[in-house]
Amino acid sequence: MPFYITTPIYYVNARPHLGHAYTTIVADVVSRFHAMRSEEVFFLTGTDEHGDKVVRAALKEGMTPRAYVDRISRLFRDLWPDLNVRPSQFIRTTDESHMAVVSRVLQRIYDAGDIYFSEYEGLYCFGCERFYTERELVDGRCPDHQTEPETIRESNYFFRMSRYQQWLIDHITAHPDFIRPERYRNEVLAFLREPLGDLCISRPKSRLTWGITLPFDEQYVTYVWFDALLNYVSALGYPDGERFRTFWPAAQHIVAKDILKPHGIYWPCMLKAAGIPVYRHLNVHGYWNVDQGKMSKSIGNVVEPLQMKDTYGLDAFRFFLIREMTFGLDSNFSEAALVQRLNSDLANDLGNLFSRVVSMTHKYFGGLVPEVEPEMGRQYGLGLGPEAQRTIAEYELAMNGFELHKALAAVWEFIGRMNKAVDVSAPWELAKKKTTLKQLEAVMNSLLKGLRLISGLIYPVMPETAARMQKHLGLDPDAPFYVLDDLRLWKPVPAGTRLPKSVMLFPRIETDTPAPGTAPAAAPSPAAPEAKPEIDIDDFRKVDLRVATVLHAERVPKARKLLKLEIDMGERRTLVAGIAEHYTPESLIGRQVIVVANLKPAKLMGVVSQGMLLAAGETAGPVLVLPDKTVTPGTALR
Ligand SMILES: [Zn+2]
């Protein structure tokens, strides 16, 4: 059976953050799960690149829209390998093939009579060159210009969405899991109780040219949502592509709750009007609230959570995101919660079990997996066989229903039973007597089987750890060891397999956070540097601190620590920074930094550095200081 999963295509007016990473990791996890079932999988992600917000973001950076979208789109594309996310395709709405599909679908709906020309009246800010809704205004004024917008009328094209309202209500009612979890289905149905208006799908070229020209009126470009949603079919080669025929009927989308309405209402109506069957499921998740107060090693920027993967390991980061969030609800992201999960679920439960069982195999059998007679296996197998089947069934059900946290909970329940089985069977006692040797062999064999199963089941979330476990069970980590039908067979690690020496899968993180109630509030932090003498404001003003955008970054040849940066600080400058051991050049491009602009130029390894980057001097390495929001390059700090 084919399986098709999509993330939203991400809007390029901002850089990737935790929310994007979460959605895309979820898509990767379910893709890998469906591959475990030997299904044909297609996983699509990409970027949404048209519209006035992109034009304004580009202008702010002094770039053309084309150059700007190329840059930000690359940041997204380059992030996925870093997160071990493997999409089948990365689509951009500026791709020619996508633009051709948008024209084609527009023409089709237009010919069918579902697009009409009419006047639109709204609140327009001439400074921003855009319409505002009442809700976007602050005290009735444009938030950027502090002026009252004017009511203007404009002629535009409209999609007759209202015609499909009853059809959509019927469809959702007949397919209870069309939108899931249920709370979002209810939200869409509640919205549909009110009359559904028609959708304005054009923008006159007099105020926006960065878009797809309407095929039936070249004075207009397509509204960005109408353009973007069609990526889900254009990527498959709609209408005649082989992929479209194979994968479209199995389509599932993943979105965050803020874009429920376009995906739950506009999109099905568009599909219906275009004569395309609707998708199968819309899977909606909540928000991550980033608890900045608890990000001790970080600097309170929304990008920071992504750096936790470097601090604690990618698999631990992926595990935390999938295990911590109940799919559909909001969740809190904090470093403390991540460390807590790492220590308890990964280091303690899984890591200890693994190293215990592998070490005992070494201790009692010289690292060779013992041979077991079937009868002994049944008698002394600790009952793990039936537990394994129950676990697989629960896991599969939860994965299919997009309850990924529950799938992991089922695996951890099994891990808990395994740990208990070790304690109850006490192999160290069985090893003391010759008469219990057969029993010891059966116990160890069953425990190794259990580890083999666990390595398969954690594969979608922690592919690297899964392969590592395989390797340390003496099995081929490159073989598709995670095939679900195979796991159901509850196969032993073959007798005679030699296990490599035991390994620590997840080292415990020592936390220096004192237990609640014991914190001596007045005690100075041991890391606090000695205070410097007071200065007055004039001394401070001598330092010219400015925000800059990194345009380009590369390593300085033969210098382990140095990066050469081209920055935009209102003017272009070259800087040399000693951060190469902690930041890759790619991770810096497009980011904003703080620069001491009036530092005397200095020559480092033959390169003249015209200024200095600000970083917090952590013992673990420098941590760059970034502005909380994007600001115009060259802006002074006060
Ligand atoms: Zn304005």
Side-chain angles (χ1 to χ4, degrees), residues 8-15 17 19 47-69 71-73 93-94 118-159 197-214 217 219-228 256 258-259 261-262 266 301-302 546-549 568-570 590-592 626-638:
I9 45 173
Y10 301 118
Y11 203 53
V12 293
N13 65 336
R15 295 196 332 237
H17 56 65
T47 42
D48 179 7
E49 305 185 2
H50 289 126
D52 56 357
K53 282 190 194 151
V54 169
V55 175
R56 274 181 292 142
L59 272 176
K60 224 175 192 175
E61 305 269 330
M63 299 175 83
T64 64
R66 165 57 71 180
Y68 176 81
V69 299
R71 186 181 89 189
I72 306 288
S73 179
T93 54
T94 49
S118 179
E119 267 197 339
Y120 178 78
E121 193 182 89
L123 298 165
Y124 193 80
C125 171
F126 282 89
C128 298
E129 298 181 27
R130 62 166 282 208
F131 283 98
Y132 275 94
T133 61
E134 300 268 7
R135 282 179 54 194
E136 287 175 305
L137 300 175
V138 179
D139 299 328
R141 290 164 186 270
C142 163
D144 284 354
H145 293 92
Q146 277 79 46
T147 53
E148 273 181 43
E150 290 175 44
T151 301
I152 66 162
R153 299 168 82 82
E154 189 176 88
S155 294
N156 264 308
Y157 287 88
F158 289 80
F159 167 47
D198 289 342
L199 185 67
C200 178
I201 56 146
S202 66
R203 297 291 181 264
K205 280 192 180 170
S206 54
R207 59 185 180 88
L208 177 70
T209 54
W210 184 244
I212 300 174
T213 301
L214 292 183
D217 189 339
Q219 296 305 307
Y220 290 84
V221 295
T222 310
Y223 170 51
V224 69
W225 269 112
F226 205 94
D227 163 358
D258 59 330
I259 49 174
K261 195 170 151 190
Y266 305 175
N301 186 293
V302 283
R546 289 179 188 269
V547 176
T549 303
D568 173 9
M569 203 183 66
R591 282 170 81 161
Q592 291 206 310
L626 317 175
D628 185 38
K629 289 187 191 126
T630 305
V631 292
T632 312
T635 303
L637 268 70
R638 316 183 257 165

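Each ligand, and each atom within it, is numbered from 1 in the order the structure gives.
For Y120 and F131, the distance between ring centers is under 6.0 angstrom.
Ordered by chain and number, C125 SG, C128 SG, C142 SG, H145 ND1 make up the set of protein N, O or S atoms under 2.8 Å of the Zn ion (ligand 1).
The two residues Y11 and H50 have their closest heavy-atom pair at OH-O, 2.7 Å. Contact record, T209 with V221: O-CG1, 3.8 Å, taken as the closest heavy-atom pair. Here the shortest heavy-atom pairing between A636 and R546 reads CA-CG, 4.2 Å. Shortest non-hydrogen contact noted between V12 and S73 is CG1-N, 4.2 Å.
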Any chance you could lay out the side chain to side chain donor-acceptor pair (under 3.5 Å) test for N156 and S202, step after step, and finish with the verdict? CA-CA 6 Å; N156 264 308; S202 66; 2.5 Å; yes
